[in-house]
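First the structure, in the form of structure tokens, and then the observations on it.
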Amino acid sequence: MNQPGNTEPLASIVSRVWHSPTLMTWGNLGTRLLGFLVLLPLALGRLTVEEANLWFLFQALLALQRMADFGFTPTFVRIVSYARAGEITAETGLVVPGSLKASETSMRRVIRTMRKIYNRLSLIAFVLVAVGGSLAVIKPISQLDTMEVGWLAWATVAVSGVLIFRWGVFGVYLQGAEQIALHQRWQIVTGMLSIIAAIAVLYFGGGLFLLVAAMQAGSIAGVLVTRRLAIKYSPNDSWSEPPVADAEVMNAVWPAAWRSGLGITMTYGIIQGIGIGYAQIASPAQSAAFLLAQRVVRTLNSFANAPFYTRLPHMSRLYAEGRRHELVESARAGMLRANWVLVAGIVTLGFTADPLFVLVGSQTPFVTMDVWWLLGLATLVERIGAMHLQLYSTTNNIVWHFVATVTGGLMLLVIPLSFHWFGVVGLPLGILVAYAGFFTPYSLKHSYSTFHLRFVHMDGLASMLPVTVVAAVLIVFMLISA
């Protein structure tokens, strides 16, 4: 017979895991990562190089489509968090502590504004996909044996992608409302079903179109579940009210959103555009290898981000409540875990990718190791700067528009030169130069001066040591290869 003293600790552990935003996000991302690791070998073994190249290009275009968000997602996550703490003010864009009634009124105003904004953003996303995306896939589709299949697959991606983008507003609300654990639990379920369907398609001989259809159907199922959860955990009938942009909410949102949006466009947009542009000039094998490396490092990055980014709504609320010390300690712990998880993924793949590709009989090659280590180091340096910039952004003072414009300008200046001199190695090298030369130092300067941080305490183990590990492996590899 179980004693209460024996069952209580286990129940407590299960409860903490079940309600932990970080662990549930890791569970979701881990499920998708594991599914990707199972799905990828099947896809590389079944799809031709030309089909694999187009599949990776679809994923890059979907990632690029998120630029149509123009910075509203992180901004609305903060504003929803603020609304839960009190009444939004037109003067500051933040909150004054208020009653439950004041908070509910603020939330309704935020939801009405979110719906209006995302309706408009969806039209922008549709135009980007219909025009820019279609132009980008012309050459890769022309290299297929059956072009009709390629265009049908692209139409499926384009239409479903816009729908998923439109319904993303519900996920934004759940993040800001600190219902992240609940949201991620359901994403684990729908993600598993999507991956199982995709694996089944490949196992039973399905091709590119059925693979795309299965994965996009799973994503649509996920956002439909998110919609239901958002409605359930919102003030009654708030999602049924007419979508109207509230003036005070827009005053709080727009100054931060356009700055974040410009920042995303000038950094993330350029990086994704590099892969899409490379696909227009490289052979299918070269393009597929580089797009695959970008896709893998993006997956690792998303998984590693969980310990920090799941804390952002809570961190925004801590700032609104004036609890600065707790905010800094929460950020430091998130940075430490995020950076080391990313390093673990970069190093593991760096030493195992080539034999794994031989093992699965891949028709698509992987990038050379110098490209991989440079891409991994550039991603790590960017993450360090981005997390410090997110820490600073909890103040609702957004400098993305400046830091990213300068960083993007450096990329546009350096990358063509480095690509001309070094070939494909110059692509991640140019990205690294821009991040290490300006983006990350500038971001650290802002967070350090605002929160009076100390380097050894904040970044010694969390940032400097991870960078040293990856840089050391890169240098050793280059010396051996020379």
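- Residue N305 holds its CG atom at 4.5 Å from CZ of R383, rounded to the nearest 0.5 Å.
- Between S194 and G218, the shortest heavy-atom distance links the atoms CB-CA, 3.6 Å.
- Side-chain atoms of W340 never come within 3.5 Å of backbone atoms of A304 as a donor-acceptor pair (strictly under, hydrogens ignored).
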Could you go step by step and tell me if R228 and L224 meet the side chain to side chain contact (heavy atoms under 4.5 Å, CB included) rule?
CA-CA 7 Å; R228 182 175 180 181; L224 289 175; over 6 Å; no

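- Contact of the R324 side chain with the V328 side chain is not registered, since no non-hydrogen atoms from C-beta on lie closer than 4.5 Å.
- No side-chain heavy atom of I164 sits under 4.5 Å from any side-chain heavy atom of Q65.
- Looking at V424 and V367, their side chains never come closer than 4.5 Å, going by heavy atoms from C-beta outward.
- Between L380 atom CG and I346 atom CD1 the span is 5.5 Å, to the nearest 0.5 Å.
- Counting only distance, with no hydrogens or angles, the side chain of T440 and the backbone of A436 share no donor-acceptor pair below 3.5 Å.
- Residues W254 and V249 fail the side-chain proximity criterion, which asks for heavy atoms closer than 4.5 Å.
- Judged by distance alone, the side chain of T75 and the main-chain N or O of V253 form no donor-acceptor pair under 3.5 Å.
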Apply side chain to side chain contact (heavy atoms under 4.5 Å, CB included) to F76 and T113, showing your working.
CA-CA 10 Å; F76 269 122; T113 305; 4.1 Å; yes

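- Annotation for W258: atom CH2 counts as buried by contact number, over 12 foreign heavy atoms lying within 6.0 Å.
- Considering only heavy atoms from C-beta on, F439 stays 4.5 Å or farther from L410 through its side chain.
- Nearest heavy atom pair, residue F56 against residue L291, reads CB-CB, 3.6 Å.
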Is there a side chain to side chain contact (heavy atoms under 4.5 Å, CB included) between V347 and W373 once you walk through the steps?
CA-CA 8 Å; V347 171; W373 289 112; 4.2 Å; yes

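- Panel note: side chain R311, backbone S330; a donor-acceptor pair is recorded below 3.5 Å.
- By the 6.0 Å and 45° rule, R185 stacks over the aromatic ring of W18.
- In M250, the CE atom is crowded: over 12 heavy atoms of neighbouring residues, nucleotides or ligands sit closer than 6.0 Å.
- Taking Q187 as the reference, N28, R32, H183, Q184, T190, T226 meet the side chain to side chain contact (heavy atoms under 4.5 Å, CB included) condition, with sequence neighbours excluded.
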Quick one: side chains of residues 455-477, donor-acceptor pairs under 3.5 Å with protein atoms, not counting sequence neighbours, listed by atom name and distance.
{"unit_1": "H457", "atom_1": "NE2", "unit_2": "E329", "atom_2": "OE2", "d": "3.0"}
{"unit_1": "H457", "atom_1": "NE2", "unit_2": "R332", "atom_2": "NE", "d": "3.4"}
{"unit_1": "D459", "atom_1": "OD1", "unit_2": "H388", "atom_2": "NE2", "d": "3.2"}
{"unit_1": "D459", "atom_1": "OD1", "unit_2": "S463", "atom_2": "OG", "d": "2.5"}
{"unit_1": "D459", "atom_1": "OD2", "unit_2": "H388", "atom_2": "NE2", "d": "2.9"}
{"unit_1": "D459", "atom_1": "OD2", "unit_2": "Y448", "atom_2": "OH", "d": "2.5"}
{"unit_1": "T468", "atom_1": "OG1", "unit_2": "M464", "atom_2": "O", "d": "2.8"}

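- For the atom pair CG (D354) and CG (L349), the distance works out to 10.5 Å, reported to the nearest 0.5 Å.
- Y173 places a side-chain N or O within 3.5 Å of a backbone atom of Y233 that can act as its donor or acceptor partner.
- Between L312 and Q390, the closest side-chain pair of non-hydrogen atoms falls below 4.5 Å.
- With contacts defined as side-chain heavy-atom distances shorter than 4.5 Å, the pair F402/L262 does not qualify.
- Annotation: the span from L44 atom CG to L39 atom CG amounts to 9.0 Å, rounded to 0.5 Å.
- Of the possible polar contacts, none joining the N301 side chain to the V297 backbone as a donor-acceptor pair under 3.5 Å is found.
- Taking CZ of R295 as the reference point, atom CH2 of W55 lies at 7.5 Å (rounded to 0.5 Å).
- Counting all heavy atoms, side chain and backbone alike, F308 lies closest to L391 at CZ-N, 4.3 Å.
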Can S122 and F165 be said to form a side chain to side chain contact (heavy atoms under 4.5 Å, CB included), step by step?
CA-CA 7 Å; S122 298; F165 177 89; 4.0 Å; yes

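- Under the 4.5 Å side-chain criterion, counting only non-hydrogen atoms from C-beta, I270 is in contact with M266.
- Expressed to the nearest 0.5 Å, how far CD1 of I276 lies from CG of L64 amounts to 4.5 Å.
- Within a 6.0 Å sphere centred on CZ of R227, other residues, nucleotides and ligands contribute 12 heavy atoms or fewer.
- With hydrogens and angles ignored, the 3.5 Å screen pairs a side-chain donor or acceptor of Q294 with a backbone N or O of I271.
- For the residue pair S287 and A282, the shortest heavy atom distance occurs at N-CB, 4.0 Å.
- A distance-only check finds no donor-acceptor pair linking the side chain of T348 to the backbone of G345 [under 3.5 Å].
- Side chains of T73 and Y118: a donor-acceptor N/O pair is present below 3.5 angstrom, by distance only.
- Put simply, the residue from F366, F419, Y278, W372 that forms a ring-ring contact (aromatic ring centres under 6.0 Å, His included) with F290 is Y278.
- Within the 3.5 Å criterion, the main-chain N or O of A245 finds no donor-acceptor partner in the side chain of R112.
- Annotation for V80 and A177: closest pair CG1-N, 3.5 Å, computed over non-hydrogen atoms.
- The heavy-atom pair separating V77 from Q175 by the smallest distance is CG2-CB, 4.0 Å.
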